Amino acid sequence: MEEKNISKVYEPQNFERETYEKWEKDKNFHADVNKDGESFSIVIPPPNVTGQLHMGHALDETLQDILIRYHRMKGDNTLWMPGCDHAGIATQAKVEESLRNEGTNRYELGREKFLERVWQWKEKFGSRIMYQLRTLGASCDWDRERFTMDEGCSKAVQKVFITLYNEGLIYRGKRITNWCPKCNTALSDIEVEHVTEKGHLWHLRYKFKDSEEFIEIATTRPETMLGDTGVAVHPDDERYKKFIGRTLILPVVNREIPLFADEYVDKEFGTGAVKVTPAHDPNDFEMGLRHKLEQIKVINNDGTMAEGLGKYSGLDRYECRKILVEDLKNLGVLVSVEEHEHAVGHCSRCNTTVEPLVSRQWFVKMESLAAPAIEAVKNGDLQFVPERFTKIYINWLENIRDWCISRQLWWGHRIPAYYCDDCGEMTVGENISECPKCHGKNIYQDEDVLDTWFSSALWPFSTMGWPEETDELKKYYPTKVLVTGYDIIFFWVARMVMMGLKFRKKVPFRKVFIHGLVRDEFGRKMSKSLGNGVDPVEIIEKYGADSLRFMLVTGNTPGNDLRFSDKRVESARNFANKIWNASRFLLMNLENFDKNFKPSENNLTLADKWIISRLNKTAKEVTENLDKFELGEAARLMYEFIWSEFCDWYIELTKKRLYGENLQEKSTALYILMTVLEKSLRLLHPFMPFLTEIIRQKLPNAEGSIMLAEWFTGGKIDEVSENQMNVIMEIIKVVRNLKNEVGVEPRKKSEVILKISNAELAEILKSNVNYISELAAAEPITFSDEKPEHALAGVAEGVEIFLPLKNLIDTEKEIARLTKELEKLRKGIAMTENKLKNEKFISKAPAEVVQSEREKLSAANEKISSVESRIEQLKNL
RNA sequence: GGGAUUGUAGCUCAGUUGGUUAGAGUGCCUCGUUGACAUCGAGGAGGUCACAGAUUCGAGUUCUGUCAGUCCCACCA
């Protein structure tokens with residue numbers, strides 16, 4: 001059978017692509033709403049169209065694909081919804097950068113032309129991302145691919161905005177917000193990263209209007225003093241009580257400003273008196289509202305100083321600080337400068353220091369939306385895996401502040417608010433072309449777009465056709481699980497929950513499976529600036545997608561970061577190669593196998609029963625772990641089973657039968673090999689989809705695509721056979737060990753004498769003695785009740801094992817080895833004896849535990865005396 | 001300031017409700033290639049489970065504290 005010849009080594013490049021194309025062509029990924037089966041749906045965390053996928057995505061998609069493939073095999077009606085996010089600010093920045101390289105900018109291009117350019121960008125990178133997903137093996141339903149700015153999603157966005165506005169949950173207001181001078185837009189609170197920086201605390205003195213007295217204030221941002229409209233002290237501060245209500249003269253600008261009392265002020269900090277700049281500090285803004293202070297904007301949106309500030313106007317804010325401090329010093333206003341550490345906000349996108357300033361923006365009132373989202377977690381509708389992230393989520397929601405959703409960008413969903421030039425009326429609604437108040441036609445739409453996360457928040461239902469009541473929504477909403485990194489719990493997860501509950505009355509997903517970040521081999525975050533990012537496609541080209549997937553999913557636990565390492569991908573590739581070759585071995589032997597052959601129960605050997613039982617147990621555990629989202633543990637179990645049990649032991653144990661003359665025996669062995677391999681492939685398929693598919697198709701006992709094959713949940717576990725086989729394997733190990741210790745070549749046949757006290761065990765060993773002779777090159781093997789003289793000795797599971805010396809070994813070395821073993825045994829005995837001496841242990845520990853300790857002790861004592869006598873013998877040689 | 005998390009073999013990490021003498025991968029050492037696989041096989045060395053207490057018959061596992069690292073949140077100018 002020519003088709004069964006497969007190459008000597010695993011070469012994933014030869015089949016991954018074609019395999020995927022076949023799956024896709026056969027519509028194996030497609031979810032049919034009308035089909036039966038419990039629904040199992042996942043919406044992909046839409047990757048940004050800013051560029052290509054990185055290792056973090058590869059991890060995220062791998063985890064999802066494993067779950068999806070597992071559930072598909074289990075017979076669930078499985079949908080994995082793919083798509084991309086328009087990533088407003090990030091994508092716009094990318095396109096602007098490329099314009100800059102061409103020597104132009106978006107303003108020169110104009111809004112319309114600029115957007116054309118962004119759409120071109122989106123087409124290019126969007127399709128690249130989808131290609132990468134395919135390369136990784138992601139079994140997404142491509143017929144349902146979505147984009148946050150496609151027609152349907154945009155409709156959902158409008159609908160949500162208008163509804164929230166009409167309910168008073170969206171409002172427009174002139175408030176202080178975080179402003180990025182470089183991106184030239186407002187930001188939400190969570191888009192600001194606070195970094196502790198070394199700065200200074202400048203002490204300034206402000207003179208009272210009607211006396212020569214001063215009050216000293218402390219500030220970290222002297223340039224904002226130009227916008228001061230008051231000074232605040234704590235009402236109980238004895239130092240300043242007498243000044244409250246008096247008027248100060250603001251230095252440099254000579255503005256009259258009041259000194260007032262406010263509980264916000266901390267008496268202990270600085271001088272206990274704080275300058276108040278309502279237009280440029282969130283706290284001052286609040287105080288300003290409380291005390292009806294004027295807001296004077298002294299810093300422009302681009303970070304330069306505003307007009308009307310004399311020589312300071314037009315200066316960059318930090319340049320101004322330098323000059324102003326110098327001037328204050330000369331004026332005698334500057335009293336002192338202290339070193340001071342404080343947290344400074346940076347734009348999470350471009351890292352520029354954000355400027356809090358007052359502007360007119362749109363906000364979502366969050367409190368009433370947050371309450372049900374907290375409740376959903378508390379009542380169990382929504383569960384985090386691992387659970388510890390619940391606390392982070394709740395804590396954030398309980399302290400939530402209003403969400404600034406407007407961005408001064410061009411790329412994104414334009415805010416559906418319209419302004420009438422004739423009467424000044426603002427209208428929120430769809431397709432407004434006429435002012436509802438004055439019927440004027442001079443209407444223009446709000447220039448701003450929405451925060452990118454606004455549309456992402458609707459993703460689980462906007463992708464399913466909402467606001468229409470589609471079949472998809474009925475079948476697949478809520479989704480079963482959301483798989484994402486802990487870094488976007490606030491940005492995305494919490495907001496989806498709020499929106500889902502608000503507009504669908506149901507949580508968008510039942511479980512949130514949180515994973516960590518992929519770091520480089522030194523534990524650093526992978527980033528462009530460090531240049532330490534690893535392109536998943538490159539790894540796939542080198543090692544195969546299966547290897548990458550396997551590496552990403554093993555060796556870490558849910559929620560924890562993982563380190564990427566080439567070594568570990570290589571190790572996964574070696575595993576793939578191992579499976580490949582085990583399969584090749586089977587296929588080679590399968591040439592004349594009658595595919596209708598079925599072995600009878602009576603012809604099964606101990607090894608057969610053992611491997612079947614081990615497979616059944618493994619399947620059970622793999623399934624349990626998958627259900628618990630312990631994907632790494634599930635994968636590890638498969639690794640262990642296939643490599644350490646199936647390959648290292650079982651295949652070796654079948655060789656005698658395969659190469660022998662007895663057709664019955666040979667067929668039985670082949671049948672079990674084939675069955676176990678086929679089921680193992682199914683269990684491994686979610687992790688390594690390509691390899692398992694390609695191999696299974698060559699097996700005579702399998703039909704159709706493995707991805708549609710039934711999941712194997714296990715079967716009867718045969719403890720008796722497992723125990724018996726364990727004894728045999730232990731004996732083999734001891735014999736190998738003994739030979740190795742004394743430098744006898746592994747393959748060199750050596751006589752072995754077994755002394756067994758347990759009669760039942762002796763029978764079993766006698767009938768399976770061939771395993772020992774085959775795998776330990778032990779010949780002849782004899783059973784004896786006597787300890788032979790001059791022999792190496794070892795013990796396994798109550799069996800004493802002797803290898804007659806026959807002058808082959810170094811007695812000194814052997815005595816040393818035995819002495820060491822003796823020490824080990826004595827240590828063990830001491831521990832066990834201590835336990836058994838302890839009356840509390842005897843009385844409180846479960847009976848079977850006590851019993852096993854007793855047995856252990858007597859076994860160990862036997863071993864000791866045996867080893868001791870060996871040593872004596874050797875000494876007398 | 002609050003919270004989370006990590007500390008186990010040279011390195012990277014498992015260790016699920018407390019129960020044999022703590023495991024894997026990788027690296028290292030010894031031996032081994034005529035047939036599935038050197039991307040391999042057999043064997044070995046290597047750990048007072050960060051430290052100190054507590055609970056328990058029994059703690060890597062639970063609790064408290066200490067030290068060290070990482071991260072998140074937070075309006076102290």
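In what follows, chains are A, B, ... by sequence order, proteins preceding strands, each numbered from 1. Being a predicted model, the structure only gives us computed values, none of them experimental.
Here C73(B) presents its P atom at 14 Å from CD1 of I400(A), a figure rounded to the nearest Å. For F522(A) and G69(B), the CZ to P distance is 21 Å, given to the nearest whole Å. The distance between atom CD1 of I732(A) and atom C1' of G41(B), rounded to the nearest whole Å, is 14 Å. Counting to the nearest Å, the C1' atom of A77(B) and the NE2 atom of H234(A) are 14 Å from each other. Separating the CD atom of E652(A) from the P atom of A36(B) is a distance of 8 Å, rounded to the nearest angstrom. Between the CG atom of N399(A) and the C1' atom of A4(B) there is a distance of 16 Å, rounded to whole Å. Atom pair D566(A):CG and U39(B):P shows a separation of 16 Å (rounding to whole Å applied). Counting to the nearest Å, the P atom of A74(B) and the CD atom of E193(A) are 12 Å from each other.
Remark: R736(A) qualifies as a cation-pi partner of W649(A) under the 6.0 Å distance and 45° angle criteria applied to the six-membered ring. Judged by the 6.0 Å and 45° rule, K655(A) forms a cation-pi pair with F585(A).
Centroid-to-centroid, the aromatic rings of F269(A) and H340(A) come within less than 6.0 Å.
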Note, RNA chain B 5' to 3' with Watson-Crick or G-U pairs under 3.5 Å encoded as ( ), [ ], | and . gives (((((((..((((.....[...)))).(((((.......))))).....(((((..]....))))))))))))....
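Rounded to the nearest Å, the gap between the P atom of U48(B) and that of U5(B) is 27 Å. For the P atom pair drawn from U8(B) and G15(B), the interatomic distance equals 14 Å after rounding to whole Å. Between G7(B) and C49(B), the two P atoms lie 14 Å apart (nearest whole Å). If you take atom P in G60(B) and the same atom in U21(B), they sit 11 Å apart, rounded to whole Å. Rounded to whole Å, the separation between the C1' atoms of U70(B) and U64(B) comes to 23 Å. The P atoms of C67(B) and C51(B) are separated by 16 Å, rounded to the nearest whole Å. For the P atom pair drawn from C11(B) and G47(B), the interatomic distance equals 13 Å after rounding to whole Å. Between C40(B) and G25(B), the two C1' atoms lie 16 Å apart (nearest whole Å).
Between E633(A) and K840(A), the residue whose closest nucleotide on RNA chain B is further toward the 5' end is E633(A). Residue whose closest nucleotide on RNA chain B sits further toward the 5' end, between N577(A) and G270(A): N577(A).
Neither OP1 nor OP2 of U12(B) sits under 4.0 Å from any side-chain N or O of N556(A). Here N737(A) reaches the OP1 or OP2 of G44(B): one of its side-chain N or O atoms lies under 4.0 Å away. Using a 4.0 Å cut-off, no side-chain N or O of Y486(A) falls inside it from OP1 or OP2 of C73(B).
Nucleic acid contact for H340(A): sugar-phosphate only, since backbone atoms but no base atoms lie under 4.0 Å from a heavy atom of the residue. No contact: D561(A) has no heavy atom under 4.0 Å from any strand. Heavy atoms of V265(A) sit under 4.0 angstrom from at least one base atom. Residue R401(A) is in sugar-phosphate contact alone, with no base atom involved, counting any heavy-atom pair closer than 4.0 Å across all strands shown. Residue contacts shown for S843(A) are absent, as no nucleic acid heavy atom lies under 4.0 Å away.
Remark: of the listed residues H194(A), E197(A), E193(A), E197(A) is the sole one forming a side chain to side chain donor-acceptor pair (under 3.5 Å) with H346(A).
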Sort me out a list of protein N/O and nucleotides 24-32 of chain B N/O pairs below 3.5 Å, or just none if empty.
| residue | atom | partner | partner atom | Å |
| --- | --- | --- | --- | --- |
| G25(B) | O2' | S571(A) | OG | 3.4 |

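In the model, D228(A) has a side-chain atom that pairs as donor or acceptor with a side-chain atom of Y206(A) under 3.5 Å. A donor-acceptor contact closer than 3.5 angstrom links the side chains of K275(A) and T224(A). In this model, a donor atom of one side chain and an acceptor atom of the other lie less than 3.5 Å apart for H291(A) and D262(A). No hydrogens or angles considered: a donor-acceptor pair under 3.5 Å links the side chains of E11(A) and N14(A). For the residue pair E338(A)/H203(A), the side-chain donor-acceptor check at 3.5 Å is satisfied. In this model, no donor atom of one side chain and acceptor atom of the other lie less than 3.5 Å apart for E621(A) and T618(A). For the residue pair S571(A)/N574(A), the side-chain donor-acceptor check at 3.5 Å is not satisfied. The closest side-chain donor-acceptor pair between Y264(A) and D284(A), if any, does not fall under 3.5 angstrom.
Taken residue by residue, residues 387-397 of chain A places heavy atoms nearer than 4.0 Å to RNA chain B at R388(A), K391(A).
The two residues L587(A) and K698(A) make their nearest non-hydrogen contact at CD2-O, 3.6 Å.
No more than 12 heavy atoms of other residues, nucleotides or ligands lie within 6.0 Å of CD in E387(A), so this atom counts as exposed by the packing criterion.
For K844(A) against U56(B), a side-chain-to-base donor-acceptor contact under 3.5 Å is absent. Contact annotation: side chain of R573(A) to base of U39(B), donor-acceptor pair present below 3.5 Å.
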